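Just so it is clear, the model here is predicted, and its values are computed rather than measured.
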Amino acid sequence: MQREEKQLEASVESLASRVAHVKNALHSFIYKLENEYERLTWPSVLDNFALLSGQLNTINKLLKNEKTPSFRNQVIIPLLLSPDRDEDLAKLTEQRVPVFSHEIVPDYLRTKPDPEVEEQEKQLSAEAARIGPEVAQKQIQTLNKLCSSLLEKLNNPREDRDADSAAIRQNKPSFNPADTNALVGAVAFGKGLSKCRPPGPVAPGHSGQGPMMTGGPTLQQVTIGGGSGQQAGMGGPVAPQQQGQPGKMPSSIKTNIKSASGSMHPYNR
């Protein structure tokens with residue numbers, strides 16, 4: 001009995017020492033990531049990962065050793081629970097566990113996952129069982145193809161990747177030819193623009209006429225003066241038209257002015 005206890009104590013001390021090494025390595029790596037990230041290189045990061053991986057493998061070998069007693073058969077029973085602060089416990093755990101109360105004991109002495117984690121694990125196992133062999137094989141092939149493509153890109157030299165990226169940027173068009181042609185046609189020829197009458201009052205006698213001419217301004221002959229041999233002054237009387245001859249104007253006082261309703265089309269200005 002004493003031999004087994006001594007062997008258990010030695011195994012626990014060895015395991016605690018290995019775990020302390022892992023803790024120190026993690027602490028050093030985290031410190032480098034937070035404070036020396038500007039000088040940190042990728043080979044140095046890989047070295048830290050390799051160190052952690054080797055230490056974890058050493059712990060696994062220690063646990064699988066035949067001389068190591070099975071820790072699964074050991075039971076830990078809390079002898080004293082108190083809501084008060086325990087300075088010795090806080091110092092031993094580096095201030096992580098200041099009290100050993102009923103609230104934290106179930107978490108620290110748990111030998112199984114949380115109920116929520118167990119439920120999620122059961123759901124994942126059920127979903128995996130429902131997937132048929134053919135579907136699972138297709139998913140495996142797709143994942144292997146993606147991994148192979150990713151590994152190929154990572155293994156290619158960086159210069160090749162930069163050259164490919166530069167070629168893609170040069171060959172990629174920065175404009176849409178169809179939009180450019182539509183814009184040039186609209187500006188130069190009015191293509192695609194709506195030919196609607198501009199807002200504004202319409203002069204009497206022009207309602208119902210066809211679309212406006214797209215050329216210059218519309219001209220109209222208007223009678224301004226009186227009879228022959230007379231000139232109408234500004235604001236003078238306008239000679240009335242003779243009955244029976246509507247729209248007929250004396251040829252001596254014909255003139256051309258711009259019609260008030262014949263304003264220029266906005267697209268022909």
Side-chain angles (χ1 to χ4, degrees), residues 4 7-8 10-34 37 40-78 81 93-97 99-158 160-162 164-165 168:
E4 293 179 357
Q7 189 176 4
L8 179 61
S11 300
V12 171
E13 290 179 359
S14 177
L15 182 61
S17 176
R18 301 293 183 182
V19 172
H21 292 326
V22 175
K23 185 188 70 172
N24 293 333
L26 282 173
H27 185 270
S28 176
F29 186 37
I30 293 173
Y31 179 82
K32 291 180 180 178
L33 291 176
E34 292 180 350
Y37 58 91
L40 196 63
T41 60
W42 181 244
S44 177
V45 174
L46 293 179
D47 292 340
N48 283 273
F49 275 117
L51 176 61
L52 293 172
S53 177
Q55 291 175 346
L56 292 176
N57 289 331
T58 302
I59 292 176
N60 289 330
K61 291 180 180 179
L62 179 63
L63 293 175
K64 294 178 180 179
N65 193 357
E66 296 179 355
K67 296 181 180 181
T68 302
S70 178
F71 292 102
R72 295 178 180 271
N73 299 330
Q74 307 299 324
V75 179
I76 300 177
I77 301 175
L81 299 178
T93 59
E94 297 180 354
Q95 306 299 327
R96 289 193 299 268
V97 185
V99 295
F100 201 63
S101 60
H102 297 77
E103 184 179 358
I104 65 172
V105 164
D107 294 331
Y108 283 96
L109 300 184
R110 183 185 299 275
T111 58
K112 297 177 63 178
D114 293 337
E116 297 178 356
V117 177
E118 288 185 348
E119 186 65 25
Q120 293 179 0
E121 187 176 356
K122 290 180 181 179
Q123 292 178 1
L124 293 176
S125 301
E127 291 179 1
R130 286 197 300 268
I131 298 177
E134 297 180 357
V135 178
Q137 189 65 27
K138 289 182 180 179
Q139 293 181 356
I140 292 173
Q141 292 177 358
T142 304
L143 180 60
N144 291 335
K145 188 180 295 184
L146 292 175
C147 293
S148 301
S149 177
L150 182 59
L151 288 174
E152 183 179 357
K153 291 181 179 179
L154 292 176
N155 292 329
N156 287 337
R158 184 174 180 180
D160 296 345
R161 295 197 300 269
D162 294 341
D164 295 341
S165 300
I168 292 174

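For the atom pair N57 CG and L52 CG, the distance stands at 11.0 Å (nearest 0.5 Å). Atoms NZ and CD, on K23 and E94 in that order, are 3.5 Å from each other to the nearest 0.5 Å. From Q137, atom CD reaches atom CD1 of I140 across 5.0 Å, with rounding to the nearest 0.5 Å. With rounding to the nearest 0.5 angstrom, the CG atom of L51 is 9.5 Å from the CG atom of L56. Distance CG/D47 to CZ/F29: 10.0 Å, rounded to 0.5 Å. Here the CD atom belonging to Q141 is positioned 9.0 Å from the NZ atom belonging to K138, to the nearest 0.5 angstrom.
Residue E103 comes nearest to P106 through the heavy atom pair O-CD, 3.8 Å, listed as atom of the first residue, atom of the second, then distance. In plain terms, the two heavy atoms of Q55 and V22 that are nearest each other are OE1-CA, 3.2 Å. Between E118 and P113 the shortest heavy-atom distance is OE2-O, 3.6 Å. Minimum interatomic distance between P78 and V105 (heavy atoms only, all atoms of both residues): CG-CG1, 4.3 Å.
Between L63 and I59, some side-chain heavy-atom pair lies under the 4.5 Å cut-off. Between I131 and Q139 the shortest side-chain heavy-atom distance falls below 4.5 Å. Taking 4.5 Å as the limit, some side-chain heavy atom of S28 sits within range of a side-chain heavy atom of K32.
For the pair S17 (side chain) and E13 (backbone), a donor-acceptor distance under 3.5 Å is absent. A donor-acceptor pair under 3.5 Å links the side-chain atoms of N48 to the main chain of S44, judged by distance alone. Counting only distance, with no hydrogens or angles, the side chain of S125 and the backbone of E121 share a donor-acceptor pair below 3.5 Å. A donor-acceptor contact shorter than 3.5 Å is absent between the side chain of S11 and the backbone of T68.
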Test log, rule side chain to side chain contact (heavy atoms under 4.5 Å, CB included), inputs K145 and S149 = CA-CA 6 Å; K145 188 180 295 184; S149 177; 5.8 Å; no

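Around the CD1 atom of I76, the shell of radius 6.0 Å holds no more than 12 heavy atoms that belong to other residues, nucleotides or ligands. Other residues, nucleotides and ligands contribute only 12 or fewer heavy atoms inside 6.0 Å of the CZ atom of F49.
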